Trainee: 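One structure coming up, written as structure tokens, with questions to follow.
Starting from 1, each residue takes its place in the sequence as its number. If you're wondering where the values come from, they're calculated on a predicted model, not measured in any experiment.
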Amino acid sequence: MKESFYKNLSLTFFLIIIWTIYLFFDYLIEPKGLFYGFGLLTNFLYSCFFALALGALIIILWGFILKYKVRINKINFFLLFSGVFNLLIFILFIISITLKILNYDIYALYLFGGNLILSLIIGLIIKKELKIENPID
């Protein structure tokens, strides 16, 4: 159980690092002009929407799995990926707000608060599944 968890966790971090490197180089080769940096902002917002949609879909599918009593023996990669990715997007938002890189309004707080809530719910699901599989630990 723990081997598949660590394998999925390392694959999750690898994919997030690849996405971060892509965003970095996409920002560096963006031509200087009137809307310089706008592509980075749109990629960040698209990432946020993708993380929210993936997290909501995973939680809905997890609810169907629990409803029909289908037992999964391992933590799914997509469950772990969406939880870590939502948490990363929320942390990046908090850093951007504290460094005054982004201005925020109430809609941005709802959007990024959704990332935090989804990551916490997914984290609780993962913690519950790890406890079920390893009752002695």
Side-chain angles (χ1 to χ4, degrees):
M1 172 62 190
K2 287 196 178 203
E3 293 84 21
S4 66
F5 173 75
Y6 289 130
K7 183 180 80 171
N8 288 338
L9 189 63
S10 63
L11 185 59
T12 296
F13 286 138
F14 178 73
L15 288 177
I16 289 174
I17 287 170
I18 294 295
W19 180 245
T20 306
I21 290 171
Y22 164 74
L23 289 178
F24 177 72
F25 284 111
D26 186 38
Y27 177 71
L28 281 181
I29 63 172
E30 189 174 3
K32 310 277 192 263
L34 185 59
F35 292 109
Y36 180 67
F38 189 67
L40 182 66
L41 177 66
T42 56
N43 280 337
F44 180 64
L45 291 176
Y46 286 152
S47 299
C48 175
F49 288 128
F50 173 74
L52 280 173
L54 181 67
L57 181 68
I58 293 296
I59 290 175
I60 289 170
L61 289 175
W62 199 263
F64 283 129
I65 287 171
L66 290 179
K67 180 180 178 183
Y68 293 114
K69 307 265 191 261
V70 176
R71 192 69 197 134
I72 297 177
N73 293 334
K74 62 179 182 173
I75 294 176
N76 196 349
F77 164 73
F78 292 109
L79 182 71
L80 193 61
F81 177 73
S82 62
V84 172
F85 196 53
N86 276 307
L87 187 63
L88 174 78
I89 294 291
F90 178 74
I91 291 171
L92 286 176
F93 175 70
I94 293 298
I95 291 171
S96 300
I97 293 299
T98 56
L99 294 177
K100 294 183 173 58
I101 296 171
L102 290 177
N103 294 330
Y104 65 94
D105 57 352
I106 194 68
Y107 300 112
L109 291 178
Y110 287 142
L111 180 68
F112 292 104
N115 288 112
L116 177 66
I117 291 170
L118 282 176
S119 65
L120 290 176
I121 290 171
I122 291 171
L124 290 174
I125 291 172
I126 290 171
K127 183 179 177 184
K128 183 182 123 187
E129 287 299 314
L130 282 176
K131 191 177 279 187
I132 288 173
E133 294 294 326
N134 300 318
I136 296 175
D137 291 339

Trainee: Just to verify, which of Phe93, Trp19, Phe112 counts as forming a ring-ring contact (aromatic ring centres under 6.0 Å, His included) with Phe44?
Mentor: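 Only one of Phe93, Trp19, Phe112 forms a ring-ring contact (aromatic ring centres under 6.0 Å, His included) with Phe44, namely Phe112.
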
Trainee: Please check if Ile59 and Leu57 belong to a single hydrophobic cluster, counting links between Ile, Leu, Val, Met, Phe, Trp and Tyr side chain heavy atoms closer than 4.5 Å.
Mentor: no

Trainee: With the 4.5 Å side-chain cut-off for hydrophobic clustering, are Leu54 and Tyr46 part of the same group?
Mentor: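 The answer is no; the residues belong to distinct hydrophobic clusters.
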
Trainee: Out of curiosity, Asn86 CG to Leu52 CG, how far, rounded to the nearest 0.5 Å?
Mentor: 6.0 Å

Trainee: Nearest 0.5 Å, please: how far is CG in Leu88 from CZ in Phe13?
Mentor: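 Answer for the CZ-CG pair, Phe13 versus Leu88, is 9.0 Å.
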
Trainee: Could you tell me whether the side chain of Phe81 reaches within less than 4.5 Å of the side chain of Asn8, counting heavy atoms only?
Mentor: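 Answer no - side chains too far apart.
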
Trainee: Calculate, to the nearest 0.5 Å, the distance between atoms CZ and CG belonging to Phe77 and Leu9 respectively.
Mentor: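 So the gap between those two atoms works out to 10.0 Å.
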
Trainee: Is it the case that one hydrophobic cluster holds both Leu15 and Val84, taking links as side-chain heavy atoms less than 4.5 Å apart, direct or via other members?
Mentor: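 Yes, same cluster.
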
Trainee: Return the minimal non-hydrogen interatomic distance between Ile58 and Ser82, and the atom names on each side.
Mentor: CG1-OG, 4.0 Å

Trainee: What's the shortest heavy-atom distance between Gly55 and Ile122, and which atoms?
Mentor: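 It is CA-CD1, 4.1 Å.
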
Trainee: Using every non-hydrogen atom in the two residues, find where Leu111 and Cys48 come nearest and quote the distance to one decimal.
Mentor: CG-SG, 3.5 Å

Trainee: Where do Ser119 and Gly83 come nearest, in terms of heavy atoms and distance?
Mentor: CB-O, 3.5 Å

Trainee: How many angstroms lie between atom CG of Leu87 and atom CD1 of Ile91, to the nearest 0.5 angstrom?
Mentor: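 One finds 4.0 Å between CG of Leu87 and CD1 of Ile91.
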
Trainee: Could you give the distance from CD1 (Ile89) to CD1 (Ile94), rounded to the nearest 0.5 Å?
Mentor: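 It is 12.5 Å, given to the nearest 0.5 Å.
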
Trainee: Tell me whether Leu61 is reachable from Leu80 by hopping between hydrophobic residues (I, L, V, M, F, W, Y) whose side-chain heavy atoms are closer than 4.5 Å.
Mentor: no

Trainee: Roughly how far, to the nearest 0.5 Å, is CZ of Phe90 from CD1 of Ile95?
Mentor: 10.5 Å

Trainee: Kindly give the heavy-atom pair with the smallest separation between Ser47 and Phe85, and that separation in Å.
Mentor: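 Nearest pair, atom of Ser47 first, then Phe85: O-CE2, 3.6 Å.
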
Trainee: Is it possible for you to say whether Ile126 and Leu124 belong to one hydrophobic cluster, with membership spreading through side-chain heavy-atom contacts below 4.5 Å?
Mentor: no

